[in-house]
Amino acid sequence: MSIVNIYHHNENIYNVEKKPPERPPKPPLYHSRFEHQVRRETKSCKDAHRTMGYAKIPLQKPNEFLKKNCGIRYRATKSAPVRLCADHKPPVPKKEDLTTNQQLMKCVDFKVENVKKVVASSPKKMRPRYADTRKGDFHDLEKSGLMPVYKCQPKYGKVPKYLERRKKDLEAQKQRMAEKMGEQVPDGFLVSQEERLELLKGLKQNWENLQKEYQSLPLLIDTVPKMIRKAKLEKNLKELEKDILRVESCPYIFVHDEQGQTDK
């Protein structure tokens, strides 16, 4: 004898698969009350041109088919002919009737003219550029802001004020020196150009000798006498360079005997 367990529950097979909710019915479409009137008017307008041509022209019967030269003829209106050229074209010039310009053009050597133009023309200037990547991407340097532009400044193209002051000071100094030289006549003499060139040559020879001596110094200067000698040679070289520059810049040299001074 088998024992069967019976379980009571509220499960129903129709509730296993849920059905989608039912959609509400759509509202009825809007219909204008003038719908039939609009359709009637539109149809009445189309009926007038339903056939080929207007309805005013009477249609022929099927047995009266169209024959040759029986259709409606439209006369074309005559218009004035359009002429592109109002006057007659000039005749082709003959070989003998060459103008002066054509003869001159034959004598022009274009190669020589081109060479002259190229020689007289100025070379094209490259615009300054800068590269911002290692692959060589170039950009305009003038528009980048990295290059100073002075054209927009109010002082552009004008002489600076400090140069004008210096020029006035030099003129005043020359005037004072001229007045001083006119008041008291100094005792001395003017060095000639030959003596000046000989003096300059001797100074340069002394500078070369000192330069050779300076270059012959040992590389390692580790003692006090070597340091003193090197400093002395450098001092003498600087003094000689100053004297050479002074003699070269002054074309006239005046030697003053008073108190052993030399005015240049």
Side-chain angles (χ1 to χ4, degrees), residues 80-175 177-178 190-212 215 237-238 240-254 264:
V82 179
R83 293 183 179 181
L84 299 177
C85 184
D87 301 332
H88 294 285
K89 293 183 179 180
V92 179
K94 297 181 180 180
K95 185 177 181 181
E96 293 81 9
D97 300 339
L98 292 175
T99 59
T100 309
N101 294 333
Q102 292 176 349
Q103 292 178 0
L104 291 174
M105 286 177 65
K106 289 185 177 180
C107 300
V108 174
D109 192 352
F110 292 100
K111 292 184 179 179
V112 177
E113 294 294 329
N114 292 338
V115 170
K116 290 180 180 179
K117 287 181 181 179
V118 172
V119 171
S121 62
S122 58
K124 185 179 179 181
K125 295 182 180 180
M126 296 294 295
R127 300 184 66 181
R129 300 180 298 175
Y130 71 96
D132 57 351
T133 60
R134 59 187 181 89
K135 293 184 179 180
D137 295 335
F138 291 102
H139 301 280
D140 195 356
L141 185 59
E142 294 179 355
K143 298 180 181 179
S144 63
L146 302 174
M147 192 173 180
V149 181
Y150 302 101
K151 292 182 179 180
C152 300
Q153 294 186 1
K155 297 181 181 179
Y156 178 74
K158 297 181 181 180
V159 181
K161 293 183 178 180
Y162 74 93
L163 290 178
E164 295 179 355
R165 290 196 302 268
R166 186 177 297 177
K167 186 177 179 180
K168 291 180 181 179
D169 294 343
L170 288 175
E171 290 178 356
Q173 186 177 1
K174 288 181 181 179
Q175 189 174 1
M177 290 294 295
L190 182 67
V191 179
S192 63
Q193 293 294 330
E194 297 177 356
E195 294 177 353
R196 175 176 167 276
L197 293 176
E198 188 176 355
L199 176 63
L200 186 61
K201 185 178 179 181
L203 290 172
K204 290 183 178 180
Q205 187 66 33
N206 293 338
W207 185 85
E208 290 179 0
N209 296 335
L210 285 177
Q211 184 70 12
K212 289 180 182 179
Q215 290 178 354
L237 283 171
K238 288 181 180 179
L240 281 173
E241 287 176 359
K242 289 181 181 179
D243 295 339
I244 291 170
L245 181 62
R246 188 177 301 170
V247 173
E248 285 181 346
S249 60
C250 299
Y252 302 100
I253 301 175
F254 185 82
K264 299 179 182 178

List the atom pairs, with distances to 0.1 Å, where a side-chain N or O of residues 114-132 and a protein N or O form a donor-acceptor pair under 3.5 Å, not counting sequence neighbours.
{"unit_1": "Asn114", "atom_1": "ND2", "unit_2": "Phe110", "atom_2": "O", "d": "3.1"}
{"unit_1": "Ser121", "atom_1": "OG", "unit_2": "Lys117", "atom_2": "O", "d": "3.3"}
{"unit_1": "Ser121", "atom_1": "OG", "unit_2": "Val118", "atom_2": "O", "d": "2.8"}
{"unit_1": "Arg127", "atom_1": "NH2", "unit_2": "Asp140", "atom_2": "OD2", "d": "2.6"}
{"unit_1": "Asp132", "atom_1": "OD2", "unit_2": "His139", "atom_2": "NE2", "d": "3.1"}

**Fill in**
Those residues at least two apart in sequence (or on a different chain) that pass side chain to side chain contact (heavy atoms under 4.5 Å, CB included) with Glu208 are Gln205

**Asked** Excluding sequence neighbours, so at least two apart, what forms side chain to side chain contact (heavy atoms under 4.5 Å, CB included) with Ile244?
**Response** Leu200, Leu203, Lys204, Trp207, Glu248

**Asked** Out of curiosity, Leu240 CG to Leu245 CG, how far, rounded to the nearest 0.5 Å?
**Response** 12.5 Å

**Prompt:** What pairs with Glu194 under side chain to side chain contact (heavy atoms under 4.5 Å, CB included), at least two apart in sequence or on another chain?
**Reply:** Ser192

**Item:** By side chain to side chain contact (heavy atoms under 4.5 Å, CB included) - contacts of Gln173 (at least two apart)
**Value:** Leu170, Arg176

**Message:** Going by side-chain hydrogen bond (donor to acceptor under 3.5 Å, both in side chains), name the residues that satisfy it together with Glu198, two or more places apart in sequence or in a different chain.
**Reply:** none

Identify all side-chain donor-acceptor contacts of residues 155-165 below 3.5 Å with residues at least two apart in sequence or on another chain.
none

**Item:** For Asp137, all residues meeting side-chain hydrogen bond (donor to acceptor under 3.5 Å, both in side chains), sequence neighbours excluded
**Value:** Thr133

**Prompt:** Does Arg196 use its side chain to pair, donor to acceptor, with the backbone of Val247 at less than 3.5 Å?
**Reply:** yes

